[in-house]
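Single-structure report; data block below.
Both ligands and their constituent atoms are indexed starting at 1 by order of listing. Just so it is clear, the model here is predicted, and its values are computed rather than measured.
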Amino acid sequence: MAFCNTLIVRTFTQTAAMAAAIKNVTVIGSGLMGAGIAQVAAQTGHHVTMVDIDEVAVGKAKDRIGASIQRVAKKKFAQDPEAGQKFISSALEKLQISTDAISSVKSADLVVEAIVENLDVKKKLFAQLDEVAPSHAIFASNTSSLPIGKIAAATNRKDRFGGLHFFNPVPVMKLLEVVRIPETSQGTYEAMCDWGKAMGKVTVECKDTPGFIVNRLLVPYMFEAVRMLDRGWHAEYPENTLFEPCELLTNMVAEGKHGVKSGKGFYEYNKK
Ligand SMILES: CCCCCCC[C@H](O)CC(=O)SCCNC(=O)CCNC(=O)[C@H](O)C(C)(C)COP(=O)([O-])OP(=O)([O-])OC[C@H]1O[C@@H](n2cnc3c(N)ncnc32)[C@H](O)[C@@H]1OP(=O)([O-])[O-]
Ligand SMILES: NC(=O)c1ccc[n+]([C@@H]2O[C@H](COP(=O)([O-])OP(=O)(O)OC[C@H]3O[C@@H](n4cnc5c(N)ncnc54)[C@H](O)[C@@H]3O)[C@@H](O)[C@H]2O)c1
């Protein structure tokens, strides 16, 4: 029992230490997602370096952040514009830009990659960063569709590797999928979740499966919308199995499980 308690205390201490240690964040890629991630990280008190191979892109990203943060401040400090101005200047002071990925990770506690969706390009980048980043630094990819395990394989820090899948527009969307591979240590996983919460996000644990959770649902839904457009809206397709009632739903309806209005469905609801 004493051994068990010691182990729990030690694990807790290590995890808390890793999470507390995430102060310096390097975001690689300053496109739609990278700029959003960098912005929210700076807004929430982190020292952020945003990197891009394209000097023009990273400059434009900083301008976009300036415009987006105005919108955030207007909403967040609607009653106190002075506090809003302080919020903006404090965040922008914490944000550096660079075109040199190698030097930008030298004091990073967390590296979030949001570059082009290409496995070889991501692997090449992480292999280079692995050589120079501090050993404690956690690496994460924001990929929409590539297996995290395949990207992590390019490094010697699979225990400190995971997915941090944000949603567009990052300053607005609350959800963050935190993806773990079998090698991701518990400390790394918890540090990623704690960092996500510090970013003001709601974190959800995902396994490293195609599409994680959201895109697994979203992409077939989007494709189906496009197929509908493709074949015309007016036709009826009674033979299409997509429209067949599911047995599970039929049974739930028969059992009176109508969701919120009946107090039970997939969940139980407390009616007040
Ligand atoms: C395998 C292939 C995969 C392909 C798909 C990949 C998918 C990917 O992996 C995952 C995803 O991202 S899935 C996609 C997941 N994403 C979604 O599902 C999102 C879908 N989109 C939406 O839900 C709506 O368009 C929004 C809620 C974003 C905006 O609401 P709207 O009704 O269009 O109205 P509005 O007038 O514009 O804005 C209203 C207020 O919102 C605020 N604000 C907005 N943008 C901001 C910004 N950039 N900055 C700061 N603030 C911003 C601001 O306060 C603004 O007020 P203001 O007074 O005007 O400043
Ligand atoms: N767009 C979305 O809605 C969305 C949502 C969630 C996740 N993602 C994922 O986020 C990643 C980025 O997507 P995006 O939409 O921001 O792309 P984007 O094209 O807007 O931006 C990518 C940026 O990366 C830069 N870049 C490319 N190679 C680089 C390298 N080797 N080093 C440094 N910078 C490099 C490009 O110059 C570009 O500015 C992708 O993996 C994508 O799948 C996208």
Same cluster (ILVMFWY, side-chain, under 4.5 Å), [X] and [Y]:
| X | Y | result |
| --- | --- | --- |
| V27 | V178 | yes |
| F161 | Y189 | no |
| V116 | V111 | yes |
| I88 | L95 | yes |

Scan the side chains in residues 33-47 for donor-acceptor partners under 3.5 Å anywhere in the protein, sequence neighbours excluded, and list what turns up.
from, atom 1, to, atom 2, distance (Å)
Q39, OE1, S68, OG, 3.0
Q39, NE2, Q43, OE1, 2.8
Q39, NE2, S68, OG, 3.0
T44, OG1, V40, O, 2.7
T44, OG1, A41, O, 3.1
T44, OG1, H46, ND1, 3.2
H46, ND1, A41, O, 3.0
H46, NE2, W195, NE1, 3.2

(request) Say whether E117 and S145, considering side chains only, have a donor N or O and an acceptor N or O under 3.5 Å apart. (result)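 Present: a donor and an acceptor within the cut-off.
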(message) For Q96 and T49, which I'm curious about, is there any donor-acceptor pair between the side chains at under 3.5 Å?
(response)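 Side chains of Q96 and T49: no pair found under 3.5 Å.
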Dump the pairs for me: ligand 1 N or O, protein N or O, distance under 3.5 Å, to 0.1 Å.
from, atom 1, to, atom 2, distance (Å)
ligand 1, 9 (O), S144, OG, 2.7
ligand 1, 9 (O), H165, NE2, 2.8
ligand 1, 9 (O), N215, ND2, 2.9
ligand 1, 12 (O), N168, N, 2.9
ligand 1, 16 (N), N168, O, 2.7
ligand 1, 49 (N), S68, OG, 2.7
ligand 1, 58 (O), K74, NZ, 3.4
ligand 1, 59 (O), R71, NH2, 3.2
ligand 1, 60 (O), R71, NE, 2.9

(request) Taking only heavy atoms of the protein into account, state which residues are under 4.0 angstrom from an atom of ligand 2, in chain and number order. (result)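 Residue list for ligand 2: I28, G29, G31, L32, M33, D52, I53, D54, A57, A114, I115, V116, E117, K122, N142, T143, S144, H165, F166, N168.
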(request) Tell me, please, which residues at least two apart from S30 pass side-chain hydrogen bond (donor to acceptor under 3.5 Å, both in side chains). (result)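 Partners of S30 by the side-chain hydrogen bond (donor to acceptor under 3.5 Å, both in side chains) criterion, ordered by chain and then number, come out as D52.
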(request) Decide yes or no for F167 and E177: does some side-chain heavy atom of the first lie under 4.5 Å from some side-chain heavy atom of the second? (result)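 Yes, close enough: below the 4.5 Å cut-off.
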